[in-house]
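We number each residue from 1, following the sequence as shown.
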Amino acid sequence: MFIYEKKLQFPVKISTPNPKLAAFIISQYGGPDGELGASMRYLSQRYSMPYAEAKGLLTDIGTEELGHMEMVAAIVHQLTRNLSDEEVRKCPAFAPYFVDHTTGVYPTAASGFPWTAGSTTTTSSVCPTTRT
């Protein structure tokens with residue numbers, strides 16, 4: 001089905017920690033419009049799609065969104081690895097995240113609200129159906 005090469009298509013190479021930027025970017029991982037929610041929406045919508053070609057497309061797009069999560073997680077990890085206590089204390093936007101997760105990558109919005117399935121608004125009305 002898929003071949004995973006264990007390398008990013010677009011390598012992420014960040015050498016300078018930046019907790020303020022990480023606190024902003026984390027929303028792209030698990031925020032309401034982040035990659036996790038997008039992948040779940042596409043992968044869930046495929047089940048109600050009546051057309052095989054479109055169902056396959058939704059599966060491919062959902063899988064691609066999971067790949068985006070990998071790139072965003074690499075960015076957040078590289079922005080936060082090797083942070084000093086002083087750098088964490090100087091960044092009030094990142095400090096609450098650090099208290100709960102240290103430098104682990106956790107699916108959350110920039111506001112600190114964790115990702116939940118409730119933020120995934122998938123309905124069967126998004127896919128065309130034929131009714132007789």
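We find the CD-CG distance between Glu53 and Leu58 to be 12.0 Å, quoted to the nearest 0.5 Å. Tyr47 contributes atom OH, which lies 7.0 Å from atom OG1 of Thr59 (distance to the nearest 0.5 angstrom). Taken to the nearest 0.5 Å, the CE atom of Met40 stands 5.5 Å off from the CG atom of Leu36. The CD atom of Glu35 sits 9.5 Å away from the CD atom of Glu64 when rounded to the nearest 0.5 Å. Atom CE in Met69 sits 11.5 Å away from atom CD in Gln28 (nearest 0.5 Å). To the nearest 0.5 Å, atom CG of residue Asn18 and atom CZ of residue Phe94 are 10.5 Å apart.
Without hydrogens or angle criteria, Ser27 side chain to Ala110 main chain gives a donor-acceptor distance under 3.5 Å. Side chain of Ser44 to main chain of Arg41: no donor-acceptor pair is present (N/O by atom type, distance under 3.5 Å, no hydrogens or angles).
The side-chain heavy atoms of Val72 and Ile25, taken from C-beta on, include a pair separated by under 4.5 Å.
Residue Lys55 places its NZ atom among more than 12 non-hydrogen atoms of other residues, nucleotides or ligands, all under 6.0 Å distant.
Of all non-hydrogen atoms in Ser39 and Glu65, the two that sit nearest each other are CB-CB, 3.5 Å.
Each side-chain hydrogen bond (donor to acceptor under 3.5 Å, both in side chains) pair with one or both residues in residues 86-114, not counting sequence neighbours, appears once here: Ser84-Glu87.
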Would you be so kind as to tabulate the donor-acceptor pairs closer than 3.5 Å made by side chains of residues 74-83, with sequence neighbours excluded?
{"residue": "Gln78", "atom": "OE1", "partner": "Ile14", "partner atom": "N", "Å": "2.6"}
{"residue": "Gln78", "atom": "NE2", "partner": "Val12", "partner atom": "O", "Å": "2.8"}
{"residue": "Thr80", "atom": "OG1", "partner": "Val76", "partner atom": "O", "Å": "2.9"}
{"residue": "Thr80", "atom": "OG1", "partner": "His77", "partner atom": "O", "Å": "3.3"}
{"residue": "Arg81", "atom": "NH2", "partner": "Ile14", "partner atom": "O", "Å": "3.1"}

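By the side chain to side chain contact (heavy atoms under 4.5 Å, CB included) test, Met71 pairs with Leu8, Phe10, His68, sequence neighbours left out.
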